[in-house]
Amino acid sequence: AEPKGKDAEVTILVSPLTFAFPHFVFLTDELKDEANKLGGVTIVVADGQLSAPKQIADIEAAIVQGVDGIILAPVEADALAPVVQQAIDAGIAVVTVDRPVNGVPDVLANVAADNFKGAEAQGEAVVKAFPDGATIVNLQGIPGDKTANDRNGGAHKVLDAAGEKYVFVAEQAGNFSRDKGLEVTENILTGLAEVPQVIIAANDDMALGAAQAVDARGLKGKVAIYGYDGSEDALKAVKSGDLAATVDQFPGLQGRTAVSTLVAFIREGTRPESAEVLVAPVAITADNLDQAERVGQIGE
Amino acid sequence: MSHPSSPPGKDQQKPGRASSPGALPSAPGSDAAPGSAPRSAPGVTAPLLEARGFVKRFFGVTVLDGVSLSLAPGEVRALLGENGAGKSTIINLLSGVHQPDGGMLLLDGAPVRFTRPLEADHAGISVIRQELSLFPDLSVAEAIFAGHLPLNRLGLVDWRQMREAARKALARLGLEIDVRAPVASLSIAHQQMVEIARALTRKSRVVIMDEPTASLSPNEVAHLGEIIAQLSAGGVAVLYVSHRLDEIRAFCRTYTVLRDGKAVSAGLVSETDIPSLIRDMAGREVEIGAAGAARQPGAPVLELQHLASVPGGRGGQRVRDVSLVVRAGEILGLAGIVGAGRTETARMIFGLDPVGSGEILLNGRPFRAGSPAAAMAAGIGYVPEDRKGLSILPDRSVAENFALTGAVPAGPLGWNDRPGEAKALAGFVQRLGIRAASLRAPITTLSGGNQQKVILARWIALKPKLLIIDEPTRGIDVGAKEDVHSLIREIAAGGVAVLLISSDLPEVLALSDRIVTLREGETTSEQPAADATSEGLMARMTRHG
Amino acid sequence: MTKAQADELSRARMYALLGKLAPLIFLLALVIIFASLQPRFLLPLNLFNILRQVSIYGIIAIGMTFVILIRGIDLSVGALVAMSGLCAAVVAKGGIEGRFMLSADGSGYHWALAALAAILAGTVAGLLQGMAVAWLSVPAFVVTLGGMTVFRGIALTIGNGGPISGFDEAFGWWGRGMIGPVPVPVLIFAAVALIAWVVLTQTRFGRAVYAVGSNPDAARLSGINVSGVTLSVYALIGFCSGLGGFVLASRLNSAEAVAGTGYELTAIAAVVIGGTSLYGGTGGVAGTVIGALLTGVLLNGLVILNVSPYTQQILVGLIIVAAVAFDHFIKRQSR
Amino acid sequence: MTKAQADELSRARMYALLGKLAPLIFLLALVIIFASLQPRFLLPLNLFNILRQVSIYGIIAIGMTFVILIRGIDLSVGALVAMSGLCAAVVAKGGIEGRFMLSADGSGYHWALAALAAILAGTVAGLLQGMAVAWLSVPAFVVTLGGMTVFRGIALTIGNGGPISGFDEAFGWWGRGMIGPVPVPVLIFAAVALIAWVVLTQTRFGRAVYAVGSNPDAARLSGINVSGVTLSVYALIGFCSGLGGFVLASRLNSAEAVAGTGYELTAIAAVVIGGTSLYGGTGGVAGTVIGALLTGVLLNGLVILNVSPYTQQILVGLIIVAAVAFDHFIKRQSR
Ligand SMILES: Nc1ncnc2c1ncn2[C@@H]1O[C@H](COP(=O)(O)OP(=O)(O)OP(=O)(O)O)[C@@H](O)[C@H]1O
Ligand SMILES: Nc1ncnc2c1ncn2[C@@H]1O[C@H](COP(=O)(O)OP(=O)(O)OP(=O)(O)O)[C@@H](O)[C@H]1O
Ligand SMILES: [Mg+2]
Ligand SMILES: [Mg+2]
């Protein structure tokens with residue numbers, strides 16, 4: 001499509017995975033903030049609710065509505081491809097955030113921090129803190145969910161490669177929720193004859209639940225707990241020592257980059273230098289807390 | 001009081017009493033002799049269906065103890081017995097609902113075993129059940145043909161033919177209704193007739209009727225009589241259960257009397273008389289139709305002035321112009337044929353249906369009950385006619401069913417007074433001869449008649465000022481009927497105003513002080529019971545009056 | 001019959017008809033509101049979008065209509081969609097690389113075999129649940145609640161938690177193809193609905209379904225094979241779920257274990273909005289189609305109107321309750 | 001009554017008793033299996049874990065028992081837990097930073113006020129649903145399915161999707177504290193169960209609940225205020241959910257909109273496993289407690305045995321169906 005002009009009104013559909021995860025809530029909030037700063041940008045938000053059909057329906061509705069651009073965090077890389085192609089054919093520019101869609105070369109950009117890579121950073125942090133090996137409890141997300149699979153895969157890749165001395169003594173699903181994370185950790189801790197050295201969790205909620213279970217057992221400080229997402233609560237916990245680390249994928253940065261890239265293209269036709277705008281995830285420990293995106297929110 | 005022997009309840013329950021004059025010397029088999037076949041049959045007709053030595057136990061309690069009976073083609077046999085004697089149970093065994101714990105079943109002389117109702121159905125046995133078992137959501141036509149829907153050439157349901165046949169079957173019973181209407185929109189009586197029509201369309205060899213006339217009025221009963229005669233002439237065997245002995249005399253050729261799960265007598269109806277049948281059933285002498293102590297009617301309690309229901313309700317305006325007065329200490333009988341609007345009148349008084357126009361006066365003051373609770377607070381009690389649908393709590397115990405109306409007040413904080421309730425119930429068990437293995441067992445383990453007694457007790461215990469009783473003895477046996485009658489007389493004598501609705505004219509005549517007749521929702525007459533006759537009442541209940 | 005009576009009867013019939021039309025009236029009202037707020041809502045493209053979006057859970061809702069008509073319920077359909085979708089995917093791919101192979105040379109099979117696998121898996125699973133309901137007399141709610149986690153577990157095990165994606169063109173046609181302007185899934189939905197309508201209204205089996213739902217005891221006493229009907233109905237919804245799973249996999253070009261989450265509630269909502277009673281015995285397929293369209297219109301319209309996602313949830317809940325309340329209100333008037 | 005008859009009767013009573021005990025027997029069997037596979041299962045620490053984990057949805061299951069006894073159902077409890085938990089959190093924090101403030105100086109309120117807020121929110125929400133069920137006669141399934149999305153939407157709106165966390169010690173005591181060796185939530189659960197038991201078995205209200213469930217028409221005709229009972233029962237489960245939401249927020253030291261997801265099905269499962277009939281009228285609180293323990297034991301035991309999450313799902317589904325089938329089997333024997 002032709003560039004709309006410098007100050008043209010722009011309408012953008014934002015379709016994140018789900019608002020059940022604070023990660024995407026924050027991403028969307030920052031994205032909206034950036035859009036405000038740009039001015040003249042209307043953001044339409046749809047909740048993906050972890051469902052590919054729902055997301056497809058939302059995008060189809062947006063095409064009908066005649067939006068100028070779409071920012072999408074696809075629930076499923078293959079499933080969303082046809083509808084993204086359809087949008088592009090209809091003259092709508094598409095940017096993916098957080099994760100790509102498969103096989104649609106015309107996507108303007110993919111602004112992402114790979115979950116797999118982030119989980120590798122999590123694993124590497126464990127290796128760094130426990131060079132002599134460790135007994136590990138693994139709290140996975142919702143069984144079958146892509147994020148859960150990627151994060152589980154990344155951590156395993158690093159820790160399995162690091163040798164026999166890293167032993168997974170229990171692997172259970174905590175469904176990304178704090179109460180399930182707490183319950184499952186309680187059960188695992190009683191089930192194990194020896195206290196594990198490390199708990200890695202596929203998100204911060206489960207890690208915080210696990211921290212409570214560890215605290216309740218009087219094991220605070222004896223088990224290193226690794227979260228994922230860099231949420232406000234997790235950063236506080238890292239600061240206080242309840243968590244050993246969390247992984248920040250910089251959702252806010254992703255959101256801001258996505259919207260500015262998209263608006264620049266719609267208004268002026270400028271393409272990003274590369275279609276892959278990768279944000280490297282970082283494991284945040286007490287030492288590099290200031291690198292965390294949401295560190296400003298946790299106060300002193 | 002009308003009761004000769006002191007605690008009648010106990011007496012009834014003793015099965016082994018030697019004082020059963022009419023009893024055959026425990027006669028399993030003997031009644032099954034081909035000799036009892038109908039007179040019209042040339043020579044000896046082999047029985048079509050025969051039960052030999054049926055035994056059945058529930059919860060370890062023996063309900064049937066070696067009962068035999070047979071049905072020859074064209075035979076119409078009455079099955080008699082008190083409530084809980086085991087009549088319905090025999091029927092359940094004959095039709096594959098339950099399986100006997102002992103004995104055998106022969107069809108055309110060959111042993112058979114029905115494990116499902118479907119199999120009895122295929123064998124040509126159809127049953128009109130005591131408790132209505134229809135499909136409320138289906139159309140009348142479909143309910144009649146359920147399980148046997150006629151098909152057209154394409155193998156699809158032939159709706160046209162089905163409606164036509166349903167209309168015809170109902171017309172035979174003298175009923176003209178829209179066969180497309182849902183069953184739920186019909187009155188109990190009409191549902192009963194749909195149930196009968198269902199059995200008639202089956203082209204069965206054996207038709208079993210378990211109290212088919214319990215909620216029918218004389219007209220419909222007469223129709224049924226004709227149909228039974230037609231069936232019999234066509235070689236169909238009929239097993240007929242009823243507590244109305246006049247029907248037995250009129251319709252049946254042979255009979256079997258059950259008492260406590262045993263066949264105590266059998267033979268030809270023409271060779272016995274009603275008193276001896278009653279003796280066989282009850283195992284004692286029962287005094288029929290004893291008049292109560294003279295009652296002195298007091299002030300009017302309920303007065304209806306030109307009461308009418310809301311027009312355009314289901315099935316149209318049932319009540320158009322009803323006026324009557326019920327005084328304290330008086331029993332007012334309300335007679336009418338099916339659909340006359342008696343039940344609907346009662347429902348309006350009790351706050352179940354809205355009032356269209358007219359006045360209800362309670363103790364001289366205008367009264368409108370917004371809900372049953374309000375009516376009860378004003379001192380009204382109502383025993384509905386539909387026991388299964390509107391009265392019993394099926395999963396709950398006898399005791400809890402009794403306590404439901406809160407006749408025994410609760411303590412502070414709504415704490416149930418269980419000892420008080422138990423005591424009150426025990427009194428009624430005695431008084432009404434309620435037979436129950438345990439008062440803590442679900443009420444559905446009681447026979448229909450005994451359930452009715454518990455429901456009556458529930459309302460009488462409430463000591464209302466006005467008691468409306470709709471079909472009080474529906475499905476109650478002769479002996480128990482007397483118990484219930486004397487109880488109704490007794491509460492009236494105690495100053496309660498009783499509005500008695502009954503399709504059983506002898507009952508209305510025997511109980512009432514005055515009788516009001518309804519026809520098509522309008523009062524057509526009022527007279528002292530002493531002056532009334534069955535014929536006179538019938539005339540005023542029907543168009544020809 | 002007097003004239004007055006005849007009048008009352010025809011009035012009663014009119015009301016009854018109105019009662020049947022209540023969901024349709026509500027649907028039209030909704031369409032009018034959305035169209036007046038945002039005219040683009042009525043674009044043919046958008047209408048076909050809605051139809052396509054509705055068709056998969058619509059197929060399942062048709063099966064659910066039978067289940068609810070016999071007073072049953074099936075909470076396992078979402079999991080069944082996932083499981084049967086994965087079965088189709090495995091067959092279409094000829095196995096899962098690195099885990100197990102079905103064909104000797106590692107090539108995939110024809111879409112027809114894949115579809116068969118999905119439908120078979122669904123039907124057998126449904127049949128098993130039907131057995132538990134009919135023979136062990138475990139309440140359907142419990143059986144299918146159990147089934148929901150069991151089948152989800154099996155789906156996870158098949159795909160080892162991950163998706164299986166990338167099928168050939170012919171496979172994809174069933175979910176993404178068009179015949180003229182009409183998407184293929186819409187045609188499948190229409191065909192399923194039509195067949196179900198004929199079965200329910202014109203065959204003995206269909207009427208037996210109503211009889212069982214209206215009064216199971218009476219049905220048994222009337223010689224209807226109640227367990228047989230029950231079994232068939234659960235097998236049937238299994239069939240519909242299997243078909244739905246295949247079409248979904250085809251449409252998404254991918255099958256995964258979390259697919260179909262929440263379909264059970266959407267399907268039940270469609271059936272109930274369509275006027276089928278949860279107490280069995282009344283209702284039918286036509287209502288379900290309208291109920292499915294209503295939910296589809298609702299979700300589409302709210303997005304097109306740019307309602308915030310949180311508010312959307314609140315509105316969806318309220319409107320569904322309102323639709324059913326409206327239906328009941330109209331039906332009560334006709335009493 | 002002859003001696004033989006008396007004997008048979010007492011045998012029948014024994015069977016009836018066995019029928020009541022069926023869920024307990026199943027629970028014990030499960031405990032024995034787990035204990036033999038992993039002795040640590042029986043550690044007092046673990047048993048208290050199970051009790052604590054069970055207590056929150058146990059509280060809700062107690063309320064659900066009332067609802068199911070009157071033939072109702074409540075699918076909204078999970079969303080209510082989230083919504084009321086957030087209400088408590090907002091009050092305890094005195095508002096949400098940067099969005100809205102409740103107290104002038106931005107300081108939080110006492111835990112008692114927070115608890116009150118949660119319970120009030122739950123009760124009012126329950127009452128509203130009760131009104132829709134009792135007065136508009138919309139089926140409970142639909143009302144609470146709608147309620148589920150509405151309350152979840154409200155919860156999302158309150159917390160703007162994110163969690164609210166970090167409460168004071170006194171607030172936290174209700175979820176994490178101990179009295180002697182017994183966790184506080186367990187005591188709350190026990191108290192709720194005890195009160196509910198007394199109400200159901202010993203009071204007029206309890207009897208009315210059974211009557212409404214057994215035959216609503218007969219109940220109404222006997223002067224019971226059926227809509228009143230219905231309203232109260234839905235208000236009551238709202239109360240239980242509100243209380244549960246408060247305890248959960250206290251236990252997690254955090255409240256968020258996704259809390260309590262799936263609690264509705266867990267609670268219903270506990271009630272049904274405990275022998276309460278989904279058709280109303282029979283069952284009770286004692287069974288529900290056992291049902292809740294059974295689910296708790298199951299989830300705990302499978303984790304302790306480190307069964308793979310996929311297989312766990314399959315086993316949980318199968319065992320729940322087996323438990324209910326066992327219950328029905330035993331009860332049928334006593335007929
Ligand atoms: N399903 C059942 N479970 C337990 N007891 C039963 C069952 N059915 C019948 N009974 C018992 O069997 C006995 C006989 O009952 P049945 O219904 O055959 O009596 P009936 O002669 O038909 O009485 P009525 O004239 O009142 O209908 C009664 O004591 C009744 O309580
Ligand atoms: N609004 C209603 N809801 C439910 N049932 C009703 C309603 N109105 C009437 N009925 C039922 O319909 C039947 C018709 O009652 P109606 O007063 O017309 O006849 P009736 O004179 O009592 O005749 P019978 O009692 O012999 O059927 C009654 O059985 C009553 O229980
Ligand atoms: Mg009987
Ligand atoms: Mg009547």
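Predicted model, so just to flag it, every value in this text is computed and none were measured. A, B, ... follow the sequence lines: proteins, then strands. Residue 1 opens every chain.
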Considering all heavy atoms, the nearest [X]-[Y] contact:
| X | Y | answer |
| --- | --- | --- |
| D/A325 | C/L136 | CB-CD1, 4.3 Å |
| C/L265 | D/L75 | CD2-CD1, 4.5 Å |
| C/L318 | D/V150 | N-CG2, 3.7 Å |
| D/P139 | C/L278 | CB-CD1, 3.9 Å |
| D/Q313 | C/L156 | NE2-CD1, 3.8 Å |
| C/T157 | D/Y310 | OG1-CB, 3.8 Å |

Given heavy-atom pairs under 4.5 angstrom as the criterion, report whether the side chain, backbone, both or neither of [X] touches chain C.
| X | result |
| --- | --- |
| D/N160 | both |
| D/I273 | neither |
| D/L315 | neither |

Measuring heavy-atom distances to chain D, does C/I319 have an atom under 4.5 Å in its side chain, in its backbone, in both, or in neither?
-> neither
If one checks every heavy atom of C/I154 against chain D at 4.5 Å, the contacting part turns out to be both
Pick from C/I73, C/V316, C/V324, C/T311 with the largest number of heavy-atom pairs that fall under 4.5 Å of chain D | C/V324
Largest heavy-atom contact set with chain D, pairs under 4.5 Å, which of C/G161, C/A322, C/A132, C/A269 = C/G161
Close side-chain approach of D/V272 and C/F141, heavy atoms under 4.5 Å = no
Contact leader toward chain C among D/V142, D/V143, D/I320, where contacts are heavy-atom pairs under 4.5 Å = D/V142
Ignoring hydrogens and geometry, is there a side-chain-to-backbone donor-acceptor pair from C/T149 to D/G317 under 3.5 Å?
-> yes
